[in-house]
Amino acid sequence: MRAGDEAAWRVRTGPGEFTVTDGAGDGTADVTLSGSPEDVLRSLWNRAGADGDRGVTVEGDPRAVAELRRCLVVATQ
């Protein structure tokens, strides 16, 4: 995920795994979400504004975003 010009995180999910690390380095990701911090967080939490997710660019496999959202729901219940 990239939010704004400077913040980036790499999120890895898998059976029994959910890790978040500094994503500033290079590396291959299944999907990248980019946008303002507010837009990226709203998108991840399914709380898009009146214009939907227009402020967020998704590059890669959208199934990876769906998996991350699923993990967020499970982790916060």
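Numbers here are sequence positions counted from 1. Below, all heavy atoms of this structure are taken into account, side chains as well, without hydrogens, waters or symmetry copies.
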Residues in side-chain hydrogen bond (donor to acceptor under 3.5 Å, both in side chains) with Asp30, at least two apart?
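Per chain and number, Asp30 pairs via side-chain hydrogen bond (donor to acceptor under 3.5 Å, both in side chains) with no residue.
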According to side-chain hydrogen bond (donor to acceptor under 3.5 Å, both in side chains), who are the partners of Ser36, at least two apart in sequence or on a separate chain?
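Once residues adjacent in sequence are excluded, the partners of Ser36 under the side-chain hydrogen bond (donor to acceptor under 3.5 Å, both in side chains) criterion are Asp39.
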Val58: what forms a side-chain contact (heavy atoms from CB on, under 4.5 Å) with it, not counting sequence neighbours?
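Per chain and number, Val58 pairs via side-chain contact (heavy atoms from CB on, under 4.5 Å) with Val31, Leu33, Val56, Val65.
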Nearest 0.5 Å, what's the CG-CZ distance between Leu68 and Arg63?
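Answer rounded to 0.5 Å: 15.0 Å.
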